[in-house]
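Written below as structure tokens is the structure these notes are about.
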Amino acid sequence: QVHLVESGGGSVQVGESLRLSCEVSGQTFDDYGLAWFLQVPGKWRSFLAAISWNEGRTYYPGSVRGRFTISKDNVQNTIYLQIDSLKPEDTAVYYCAADADYSDGYYREDLLDDGDFDSWGQGTQVTVSS
């Protein structure tokens, strides 16, 4: 099983940027898809971005453009989420997740949700204030 540990959250001001990290460990995850979600209290987790571990292909839902950028470092076994121009509505717990059944074709269909992911980190809180 893959183990995921997020870090980098905190309290920031509107307009600032933040980079979240997710360290990945455990069994071989070469064929995995890895993703970031956010969750606000009382709501479902929302998909933000995904990346294939081997090729580094990136995927974003149609509703998310521009301010969120996913990347990875294979040496550090870490994925990142860069969030720019933070807004108060970005206040949430951010989770990284791993999918053992990654498929480029499926990921391109913009249908990803939390049910597609097998392993989850504990989350990191981001609070944006004005």
Problem - Side-chain donor-acceptor contact under 3.5 Å, Asp116 with Tyr106 - result: yes

Practice task
Over all heavy atoms of both residues, which pair between Ser17 and Asp84 is shortest? Give the atoms and the distance, please.
Solution key: OG-OD1, 2.9 Å

Problem - Same apolar cluster: Phe68 and Val40, side chain cutoff 4.5 Å - result: yes

Problem - Beyond-backbone contact of Asn77 with Trp53, side-chain heavy atoms, under 4.5 angstrom - result: yes

Practice task
Determine yes or no for a side-chain-to-main-chain donor-acceptor pair under 3.5 angstrom, with Tyr59 supplying the side chain and Ser52 the backbone.
Solution key: no

Handout entry: Close side-chain approach of Leu34 to Tyr102, heavy-atom, < 4.5 Å
Key = no

Problem - side-chain contact (heavy atoms from CB on, under 4.5 Å) assessment of Gln13 paired with Ser129 - result: CA-CA 5 Å; Gln13 299 293 311; Ser129 57; 3.4 Å; yes

Handout entry: disulfide (SG to SG under 2.5 Å) partners of residues 67-130, not counting sequence neighbours, each pair once
Key = Cys22-Cys96

Problem - Validation row: Asp99, Tyr107 side chains within 4.5 angstrom (heavy atoms) - result: yes

Handout entry: Any side-chain heavy-atom pair of Asp113 and Arg45 under 4.5 Å
Key = no

Exercise for the section: Mark yes or no for whether Gln122, through its side chain, and Glu6, through its backbone, hold a donor-acceptor pair below 3.5 Å. Expected result: yes

Exercise for the section: Start with the C-alpha distance between Ile83 and Tyr94, add both sets of side-chain angles, then the distance that settles side-chain contact (heavy atoms from CB on, under 4.5 Å), and finish with yes or no. Expected result: CA-CA 11 Å; Ile83 314 172; Tyr94 286 73; 3.8 Å; yes

Problem - Minimum side-chain heavy-atom gap Ser119-Gln1 below 4.5 Å - result: yes

Exercise for the section: Could you tell me which non-hydrogen atom of Ser21 sits nearest to which non-hydrogen atom of Thr78, and how far apart they are? Expected result: CB-CG2, 4.1 Å

Practice task
Please examine the side chains of Phe117 and Phe37, heavy atoms only from C-beta on, and report whether any two atoms are closer than 4.5 Å.
Solution key: yes

Problem - Close side-chain approach of Arg67 and Asp90, heavy atoms under 4.5 Å - result: yes

Practice task
May I ask you to decide if Gln82's main-chain N or O and Arg19's side chain share a donor-acceptor pair within less than 3.5 Å?
Solution key: no

Practice task
Check whether Leu18 and Tyr80 end up in the same hydrophobic cluster, where Ile, Leu, Val, Met, Phe, Trp and Tyr are linked by side-chain heavy atoms less than 4.5 Å apart.
Solution key: no

Exercise for the section: Evaluate the side-chain proximity of Tyr95 to Leu4: yes if any heavy-atom separation is below 4.5 Å, no if none is. Expected result: no

